[in-house]
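Below: the structure, in structure tokens.
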Amino acid sequence: MTQELSHLLRTRREKLEALRERGIEPYAYRFDRTARSDEVVSAYSEAERKGDLNESGEGSEVRVVGRIMSWRSHGKSAFAHIEDEGGRIQLYFRLDVLGQEAFDDLNLLDLGDWIGVEGRVFRTRTEEITVRAGSWTLLSKSLRPLPIPKEEVDPDTGERTVYSGFADPRTRYRQRYADLAVHPEVRKIVRTRTRLVSALRRFLDARGFLEVETPVLQPIYGGAAARPFTTYHNALDTTLYLRIADELYLKRLIVGGFERVYEIGKDFRNEGIDRSHNPEFTMLEFYQAFADYHDMMELVEELVGSVVEETTGSRRFVHQERDIDVSPPFRKVAFLEALGKKLGTSPAEMDVEGLRQALRERTGEDLDDAGRGRLLDKLFGALVEPELIQPTFVVDYPVELSPLAKHKRGDSSLTERFELFIGGWELANAFSELNDPLDQRARFEAQAQLRDAGDEEAHPIDEDYLRAMEYGMPPTGGVGIGVDRLVTLVTDSPSIRDVILFPTLRPEEGREG
RNA sequence: GCGCCGCUAGCUCAACUGGCAGAGCAACUGACUCUUAAUCAGUAGGUUCCAGGUUCGAUUCCUGGGCGGCGCACCA
């Protein structure tokens with residue numbers, strides 16, 4: 001702890017003691033609020049319009065609460081702004097109204113303190129709706145200075161200029177409570193996220209999907225190609241994995257007779273962190289019996305379009321200065337065709353060596369041990385994906401890349417699978433689910449060979465899942481949607497970490513001040 | 001894991017080719033009863049991320065390390 005911070009903390013503790021000595025409890029138990037700050041403003045405007053103000057131009061008496069965000073002291077009077085979830089409201093304190101003692105005690109308040117105030121509402125000379133404090137109550141003393149920015153609001157344009165700020169991303173992510181406390185725009189993202197998730201639920205509920213919960217702790221992970229987090233159960237004396245996908249359990253439920261199921265929950269993948277990846281992230285998966293991937297494409301178009309509109313009011317939004325329109329129908333391109341256009345040759349006619357060479361030429365990467373599937377995927381990721389800004393379904397992936405998807409009708413080298421890209425990011429992944437248990441076993445065995453060859457992300461064999469398939473799963477369409485990424489896009493956030501309240505960070509070493 | 005950039009007061013940032021470490025805000029003291037980036041006068045506040053090295057002298061240059069951001073890789 002530096003001397004300076006310790007000085008600031010000490011000053012506040014001294015004020016805390018002084019408050020107690022004066023008989024003021026710095027940590028109150030409750031406060032009866034009559035109106036939120038935004039309600040105070042609208043009620044006063046309404047009263048003003050109706051002519052319901054008294055002869056002094058005052059509205060009704062209110063009790064408001066908030067955190068002190070600014071303070072302007074003028075000797076025998078003072079102005080402050082407090083902020084609650086409704087926004088900010090100005091307070092006006094006067095010596096002749098409060099009396100000497102209550103006015104002097106204001107000196108023991110600091111920015112960041114929570115207070116409650118009772119008083120009549122009026123409009124100041126500069127037209128701001130303000131509560132004239134008849135009395136005030138300390139609700140919670142802040143002992144650590146919040147990095148509250150100073151800001152100026154242009155009265156004509158309403159434009160907000162922030163003069164100093166709390167900018168260090170590390171500290172903002174680590175101390176999200178402080179980030180939220182001083183940045184209304186971060187709170188807005190949180191609300192947008194919640195509205196979007198609610199809209200997803202409403203969309204699926206309205207179409208007869210049943211929301212379920214499946215295990216996070218799994219004896220065998222699967223449903224995606226990724227490395228898992230590993231943990232251990234003491235009583236069972238066994239290794240368990242945090243799920244990397246919900247897929248295999250949800251399809252077991254389709255076997256069990258549920259025709260439409262979905263789950264919104266956390267998946268965990270033991271991989272790097274960047275602007276589109278967090279080790280734990282929120283996935284929506286839904287499965288519909290008797291449907292194929294064409295049906296699911298239509299459903300996804302509707303879902304994305306309507307959820308974005310319900311959340312933001314429009315199907316168009318801007319992400320990082322790019323205009324994006326999620327109005328259906330979305331563009332469709334075939335995987336091999338799109339890649340072929342970039343390569344100048346059909347990848348179907350290229351052998352592994354040719355693909356490897358193409359990758360080397362285009363990206364400078366040498367992948368000596370990579371198989372055909374991985375090479376195709378790498379090339380696609382490097383050449384095609386970054387250009388998929390407007391919503392685009394990429395369809396018909398090579399079978400090597402898709403161990404859980406049905407063969408494409410008429411071409412067994414492909415699968416009936418699509419991924420949805422928006423803004424260059426993979427937003428959704430879906431297929432006509434493989435329901436042939438013998439084919440599924442063969443796919444798993446092919447994955448096992450990749451695993452033996454050193455591919456840590458190859459899909460493990462899940463015998464229980466195969467048993468479920470053997471009982472019989474109806475034809476089913478399934479979709480996974482990355483919820484965090486969708487929120488990142490519609491909130492115009494640069495990074496997935498901006499839409500996750502507490503993103504994964506390296507643990508803090510030691511304790512700071 | 002690799003590359004680039006960064007780390008200076010509580011916050012936001014300065015400090016020329018190496019030459020006494022500064023400003024604004026926040027804090028503290030005082031003045032001020034309609035202010036709003038309040039204003040005015042004053043005070044205090046620093047292991048310049050860490051450890052070495054070069055140098056008469058390092059915030060500055062070099063080496064190593066730590067932390068972070070961005071990009072790459074990874075993420076079917």
Side-chain angles (χ1 to χ4, degrees), chain A residues 1-12 14-15 69-81 88 90-98 103 107 110-112 122-128 130 132 144-153 155 160-171 173-174 178 182 224-227 244 269-279 281 363-365 367 370-371 373-378 380-382 397-405 415 417 419 426 429 447 450 455-459 482 494-495 497 505-506 508-509 513:
Chain A
M1 191 190 291
T2 68
Q3 281 183 1
E4 174 60 12
L5 180 56
S6 114
H7 163 71
L8 292 171
L9 297 183
R10 196 172 56 242
T11 304
R12 293 202 174 197
E14 284 164 7
K15 289 182 181 175
M69 301 302 279
S70 68
W71 193 271
R72 295 173 296 284
S73 164
H74 296 263
K76 297 187 178 63
S77 73
F79 288 91
H81 278 98
R88 290 193 186 188
Q90 182 166 256
L91 307 178
Y92 182 39
F93 300 94
R94 288 175 63 106
L95 171 61
D96 56 6
V97 176
L98 286 169
F103 190 81
N107 288 323
D110 284 296
L111 297 187
F122 73 111
R123 212 181 257 282
T124 63
R125 191 181 293 162
T126 52
E127 302 281 286
E128 179 159 352
T130 299
R132 179 185 281 108
R144 183 179 291 269
L146 266 176
I148 298 173
K150 283 226 167 189
E151 53 186 53
E152 182 179 28
V153 181
R160 207 161 55 106
T161 314
V162 176
Y163 285 91
S164 61
F166 178 35
D168 179 26
R170 161 184 48 182
T171 315
Y173 293 137
R174 246 187 233 297
V182 304
R227 280 184 289 171
I244 59 172
R269 298 187 184 175
N270 207 336
E271 274 140 16
I273 297 172
D274 64 29
R275 63 166 57 189
S276 66
H277 295 84
N278 194 63
F281 62 100
T363 70
E365 273 186 275
L367 289 182
R374 193 163 137 72
L375 287 166
L376 286 169
D377 190 55
K378 292 285 294 181
F380 192 86
Y397 280 68
V399 66
E400 301 93 324
L401 290 173
S402 315
L404 299 164
T415 53
R417 171 182 177 191
E419 290 193 353
E426 179 193 337
N429 180 25
Q447 290 288 310
L450 290 176
D455 183 349
E456 286 185 81
E457 285 164 0
H459 204 292
S495 164
R497 289 206 251 185
L505 301 168
R506 185 183 302 279
E508 211 168 353
E509 287 194 19

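By convention in this document, chain letters (A, B, ...) are assigned in the order of the sequence lines, proteins followed by strands, and residues within each chain are numbered from 1. The analysis underlying the following values was restricted to heavy atoms, covering all of them including side chains, and did not include hydrogens, waters or symmetry mates. Nothing here was measured: the structure is a model prediction, and the numbers come from that model.
Distance Phe93(A) CZ to U35(B) C1': 13 Å, rounded to the nearest Å. Look at CG on Leu146(A): it is 14 Å from P on A26(B), rounded to the nearest Å. Computed from coordinates, the Leu401(A) CG to A76(B) P distance equals 10 Å when rounded to whole Å.
Side chain of Ser73(A), nearest nucleotide from C32(B), U33(B), A76(B): C32(B). Closest to the Ala225(A) side chain, of the nucleotides U35(B), A76(B), A27(B), is A76(B). In the set C25(B), C70(B), C32(B), the nucleotide with an atom closest to the side chain of Ser495(A) is C70(B).
Counting any heavy atom pair closer than 4.0 Å across all strands shown, Glu400(A) reaches no nucleic acid atom. Among the protein residues, Thr124(A) comes within range of the nucleic acid bases, having at least one heavy atom under 4.0 Å from a base atom.
For the pair Arg125(A) and C34(B), the criterion of a side-chain N or O lying under 4.0 Å from OP1 or OP2 is not met. In this model, the phosphate group of A31(B) is not approached by any side-chain N or O of Lys76(A) to a distance below 4.0 Å at OP1 or OP2. Within the 4.0 Å cut-off from OP1 or OP2 of G45(B), not a single side-chain nitrogen or oxygen of Arg10(A) is found. Applying the 4.0 Å criterion to OP1 and OP2 of G24(B), one finds that Lys150(A) has every side-chain N and O outside that range. For Arg497(A) and G69(B), the shortest distance from a side-chain N or O to OP1 or OP2 is below 4.0 Å.
Partners of Arg497(A) by salt bridge (charged side-chain N to carboxylate O under 4.0 Å, His left out), not counting sequence neighbours: none found. Residues that satisfy the side-chain contact (heavy atoms from CB on, under 4.5 Å) test with Leu450(A), not counting sequence neighbours, are Gln447(A), Asp455(A), Ala458(A). Residues satisfying the side-chain contact (heavy atoms from CB on, under 4.5 Å) test with Glu400(A), not counting sequence neighbours, are Arg372(A), Pro398(A). Arg72(A) pairs by the salt bridge (charged side-chain N to carboxylate O under 4.0 Å, His left out) definition with nothing, not counting sequence neighbours. Applying the side-chain contact (heavy atoms from CB on, under 4.5 Å) criterion to Glu14(A), with sequence neighbours excluded, gives Arg10(A). Taking Asn270(A) as the reference, Arg227(A), Phe229(A) meet the side-chain contact (heavy atoms from CB on, under 4.5 Å) condition, with sequence neighbours excluded. For the ring-ring contact (aromatic ring centres under 6.0 Å, His included) test, no residue two or more places apart in sequence or in another chain qualifies with Tyr173(A).
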With the criterion being N/O to N/O and under 3.5 Å, what pairs connect the protein with nucleotides 3-8 of chain B, and how long is each?
none

Secondary structure of RNA chain B per the Watson-Crick/G-U criterion (both distances under 3.5 Å; [ ] crossing, | other strand, . unpaired) is (((((((..((((.....[..)))).(((((.......))))).....(((((..]....))))))))))))....

